[in-house]
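Throughout, a chain's letter reflects where its sequence line sits, starting with A, and its residues are numbered from 1.
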2 protein chains.
Amino acid sequence: MEDICSDIFQENRSSIKIKKKRIGVKNLSNIFEATLKLSNKKGFKTMSLRDLCKETGLSMGALYSYFKNKDELLNIIQQKGRLMVEKVLRENIEDINDSKKKLETAIYSHLYLSEIMQPWFFFSYMETRHFHKDEHKKGIESELYTEQIFIDILEQGKKENIFFVENTVLTASVIKAMLQDWYLKHGKYIRRKIKVEEYASFIVKLILAYIAANPLNK
Amino acid sequence: MEDICSDIFQENRSSIKIKKKRIGVKNLSNIFEATLKLSNKKGFKTMSLRDLCKETGLSMGALYSYFKNKDELLNIIQQKGRLMVEKVLRENIEDINDSKKKLETAIYSHLYLSEIMQPWFFFSYMETRHFHKDEHKKGIESELYTEQIFIDILEQGKKENIFFVENTVLTASVIKAMLQDWYLKHGKYIRRKIKVEEYASFIVKLILAYIAANPLNK
DNA sequence: GTCTATAGTGCGATAGAC
DNA sequence: GTCTATCGCACTATAGAC
């Protein structure tokens, strides 16, 4: 979190009116956390900047030193979250050659990441449709990007005769749906004391039962 | 739709100021459709009653003849949608004894219903967390109600030694997640020309591959 | 670097004409 | 049964004091 906010501070130095790095990074971190918390409770549009003042302990004027308007606040949060997700997923799977191992790793990585960054994932899923043109498009592309990762892995396994899957696109879609359920209904899973490891291992077993069973052996 | 609006008109006669049934039902139907359309685009809270005026062609005064405030409009929509869903699901599966057939029917029924009532399902999923206390609670209960249907079917099949499933709750959770993906990302599936029949048959195959394979035979 | 005060906009809701 | 006009309130964003 510290690292991310430090990056954001550097990159958006032009639009951020704060000069001292220590104060800037601390307040940015505070603002992001508060924004995700409030938005996930009542929606980004419904969250007023006065709510954000109360939650952060900053005044209206101080907030506007960190972003030039409410929409820019949203853009910064989105931009940074997306970069983080794509980087982690790519790095975790790029060196794996074995299809089955790669599929497992992709599922585990996505779930662990969304466990750590749950508020951001939830925010992103729920708010994307409210974004204006450009951010809206990027949100959908980001979703398709991770879906494509799964399509590619399934296609690779299919070529190697390890996976037996009729429709890779549809299979990737439902894998994505199950991964998303983890952060969308996070409260439900916590209440039921289901840990992320258990959920991940379950998803892998379910998918492998479907694609790893050679129909010719039946 | 006509039938539902007719029912709503009868039940809420006290708070609806309109006397003539024909006009009342026609306008109610118009208002509901417009509310779902606008809310699903920008969120219920963000949709102003002035937006609703434009979309329905009615004036502010006219709108307020059909509900006493914005929250009541939401409650009426939710109440009726929930009743509809629970009724249809129950009626479709209650007379089926065969576990496998029952599971299939439940999946197909839910998907076909959410295909017809897609705007309502989407609305309900996205807005539940913004509801006040009582409606919020009912929304969550409704979600758990359909999940419980699947838990019960899985438990029944387990007892009969037809299904081999370790964790029925977790299995029901992901079934629900996949059913929800159909109406949450409806646009994506339409763009990819995936029909509801294909999706339903895919989900059934995927789940059966996991639970219908007796591990003792392996 | 952060504050308070306020301008300007748009909201939900109602009253009263037609 | 539907309309227009209007009220009071909360919002984003900014200007200027400290």
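Taking side-chain N and O atoms only, Tyr66(A) has a distance below 4.0 Å to OP1 or OP2 of dT2(C). Listed pair Ser59(A) / dT2(C) fails the phosphate criterion, with no side-chain N or O lying under 4.0 Å from OP1 or OP2. For dG1(D), the OP1/OP2 oxygens have no side-chain nitrogen or oxygen of Asn27(B) closer than 4.0 Å.
Protein atom CZ of Phe9(A) is 8 Å distant from nucleotide atom P of dG1(C), rounded to whole Å. Rounded to whole Å, atom P of dT2(D) lies 11 Å from atom CZ of Arg22(B). Between Lys70(B) atom NZ and dT14(C) atom C1' there is a gap of 17 Å when expressed in whole angstrom units. For Met60(A) and dT2(C), the CE to C1' distance is 14 Å, given to the nearest whole Å. Rounding to whole angstrom units, OH of residue Tyr64(B) and C1' of dT2(D) are separated by 16 Å. Here dA13(C) presents its P atom at 17 Å from CG of Leu58(B), a figure rounded to the nearest Å. In this structure, the NZ atom of Lys20(B) is 6 Å from the P atom of dG1(D), given to the nearest Å. The distance from atom CG of Asp51(A) to atom P of dA13(D) is 14 Å, rounded to the nearest whole Å.
In the set dC11(C), dT2(C), dG1(D), dC11(C) carries the atom at the smallest distance from any side-chain atom of Ser48(B). For Ala62(A), whose side chain is taken as the heavy atoms from C-beta onward, the closest listed nucleotide among dC3(D), dG1(D), dC3(C) is dC3(C). Closest to the side chain of Leu49(A), from the set dA13(D), dT2(C), dG1(D), is dA13(D). Looking at the side chain of Ser65(A), the nearest of the listed nucleotides dT2(C), dA13(D), dA13(C) is dT2(C).
Taking only distance into account, the side chain of Arg50(B) never meets the base of dG10(C) through a donor-acceptor pair shorter than 3.5 Å.
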(message) Is there a side-chain hydrogen bond (donor to acceptor under 3.5 Å, both in side chains) between Gln156(B) and Asp152(B)? Walk through the geometry before answering.
(response) CA-CA 6 Å; Gln156(B) 187 196 326; Asp152(B) 292 344; over 6 Å; no
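The backbone N or O of Ile18(A) lies less than 3.5 Å from no partner atom in the side chain of Arg13(A), so there is not a single donor-acceptor pair. A donor-acceptor contact shorter than 3.5 Å links the side chain of His136(A) to the backbone of Thr128(A). Under the 3.5 Å distance criterion, the side-chain polar atoms of Thr56(A) are matched with a main-chain donor or acceptor of Leu52(A).
Remark on DNA chain D: of its neighbouring residues Met47(A) and Gly61(A), the 5'-side contact belongs to Met47(A), judged by nearest-heavy-atom nucleotide.
In summary, the side chains of Asp181(B) and Tyr189(B) do present a donor paired with an acceptor at a separation below 3.5 Å, with no hydrogens or angles considered.
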